[in-house]
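One structure is given here, and the rest of the page talks about it.
Ligands are counted one by one from 1 in listed order, and the atoms in each one are counted from 1 as well. Just so you know, residue 1 is the first one in the sequence shown, and it goes up from there. For the numbers below, each heavy atom of this structure counts, side chains included, while hydrogens, waters and symmetry mates do not.
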Amino acid sequence: MAEIKLPKHVAIIMDGNGTWAKKRGLPRTLGHKKGSETLVEVAKMCSRRGIKYLTVYAFSTENWSRPKEEVDYLMGLPQAMLSRYEDDLMRDNIKLKFIGFREKLGKNITSIIDRVEEKTKNNDGMVLLVAFNYGARDEILEAAKSIASDVKNNKLEIDDITKEYFSSKLFTSGVPDVDLLIRTSNQIRISNFLLWQISYSELYFTNTLWPDFSEKDLDEALFAYNNRDRRYGGIKK
Ligand code: FPP
C-alpha cells in the first residue's frame, strides 16, 4: 500500500461566512457564528487525524474596515469561544496560540487569550494557531525592524541573519512552514496571510462556503495534498 502523506501544518482561510448568511437572508454575523462552529468541528477533525499544526485566519488587520456591528461581533468571538471550549481544548490535548498584533485588541480580549494559552501550554497534541488581527506584511516588517535594531545595537552580525533566524522573529516562531493552505468560497487569493510561511505550500481552493465545510471537504483537501508531487524547486526523483 502506498504511504499516506499527511501534512504536518495545515492553514485555512475560512471564507464565505457572509455569503452563507446572505443566501439565507440572515445577518452576516450569523454566518460568522456558524463559521465559528465549523472551526471547532474542523479543529477536532484535524486533531483526530494527527495533524500537528492548524492555523486559521480569523481576523485580518484589514478586517477593521468592515461595518462596526460586524467588527464588534468578531471581536467578541475569542471570549465567547474560549470560555465555551476551553475544557474541550484540555480534553483533546490541544495547545492554543493566538498570532497577530495584540496591542489594538484591548485588555478584555488579551487577558482571556493569555489565560487559555497559559492553561493549554503543556498540551502536546495539535497546536491550534488562531490568526487574529494578523497581517503578513506587517509581521515581516516588524521582524525586519527588530533585526535591524539588533544589528544597529551590535547585538547581531549581518551574516547571522539566515532564513531560520528570520523565521524565528515571526509570530510563528518554532512552527514549521505550512504544508497545505486551504481557502474556501471560491476566492483564489492569499489576502496577506502567512506570506513567508507558505513559500512552498500546496494550495487548495474549494467552492464550499466555510460554514458548510465538512469532514468530506477536509478529506478531499487531504487527498489532493496526498497526490501532489512536492519538489521544492528540484526535479522529480
Ligand atoms: C471570512 O468570511 C471570514 C471571516 C472574516 C471571519 C472568520 C472567523 C471565524 C470563522 C470564527 C473565528 C473564531 C475565533 C476564535 C475568533 P467573509 O465574511 O469574508 O465572507 P464573504 O466573503 O462571504 O463575505
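Using a 4.0 Å heavy-atom cutoff, Gln187 is absent from the residues neighbouring ligand 1.
For the residue pair Asp114/Ser111, the side-chain donor-acceptor check at 3.5 Å is not satisfied.
Counting only heavy atoms of the protein, atom 4 (C) of ligand 1 lies nearest to His32 CE1, 3.8 Å. In terms of protein heavy atoms, atom 12 (C) of ligand 1 is closest to Ala58 CB, 3.7 Å. The closest protein non-hydrogen atom to atom 3 (C) of ligand 1 is Met14 O, 3.1 Å. Residue, atom and distance of the protein heavy atom nearest to atom 16 (C) of ligand 1 are Phe132 CE1, 3.6 Å.
Interface atoms of ligand 1 facing Met81, defined by a heavy-atom separation under 4.0 Å, are 13 (C), 14 (C), 15 (C). Using a 4.0 Å cut-off to heavy atoms of Arg66, the atoms of ligand 1 that qualify are 5 (C), 17 (P), 18 (O), 19 (O). Atoms of ligand 1 found under 4.0 Å from any heavy atom of Asn63, numbered from 1 in the order shown, are 5 (C). Atoms of ligand 1 found under 4.0 Å from any heavy atom of Leu39, numbered from 1 in the order shown, are 13 (C). Close approach to Arg28 involves these atoms of ligand 1, each under 4.0 Å from a residue heavy atom: 17 (P), 18 (O), 24 (O). Listed by number with element, the atoms of ligand 1 under 4.0 Å from a non-hydrogen atom of Leu77 are 11 (C), 12 (C), 16 (C).
Salt-bridge formation is not detected for the pair Glu37/Lys34: no Lys NZ or Arg NE/NH1/NH2 atom is positioned less than 4.0 Å from an Asp or Glu carboxylate oxygen. Electrostatic pairing of Lys121 and Glu117 does not count as a salt bridge here, judged by no charged N lying under 4.0 Å from a carboxylate O. For Asp87 and Arg91, the salt-bridge test fails: no basic side-chain N is under 4.0 Å from an acidic carboxylate O.
When heavy-atom distances to ligand 1 are checked against a 4.0 Å cut-off, Val56 has no atom that comes that close, whether in backbone or side chain.
Considering only heavy atoms from C-beta on, Met75 comes within 4.5 Å of Phe132 through its side chain.
Heavy atoms only, all atoms of each residue included: Lys8 and Ile51 are closest at O-CG2, 3.8 Å.
When Ser36, Gly31, Gly18 are ranked by how near their heavy atoms come to atom 11 (C) of ligand 1, first place goes to Ser36.
Taking only nitrogen or oxygen atoms, main chain and side chain alike, Gly16 reaches within less than 3.5 Å of ligand 1. In terms of N/O distances under 3.5 Å, ligand 1 is approached by Asp15. Between Ser185 and ligand 1, no N or O atom pair is found at a separation short of 3.5 Å. Polar contact check, Thr19 against ligand 1: a nitrogen or oxygen pair lies under 3.5 Å apart.
Remark: side-chain polar atoms of Glu139 are paired, donor with acceptor, to backbone N or O of Phe171 under 3.5 angstrom. With hydrogens and angles ignored, the 3.5 Å screen pairs no side-chain donor or acceptor of Ser173 with any backbone N or O of Leu170. Of the possible donor and acceptor atoms, one in the side chain of Asn133 sits under 3.5 Å from a partner among the backbone N and O of Phe101.
The side chain to side chain contact (heavy atoms under 4.5 Å, CB included) with Thr172 is formed by just one residue from the set Leu194, Asp177, Thr55; it is Leu194.
Ring geometry for Tyr73 versus His32: interplanar angle under 30°, hence parallel rather than tilted (30 to 60°).
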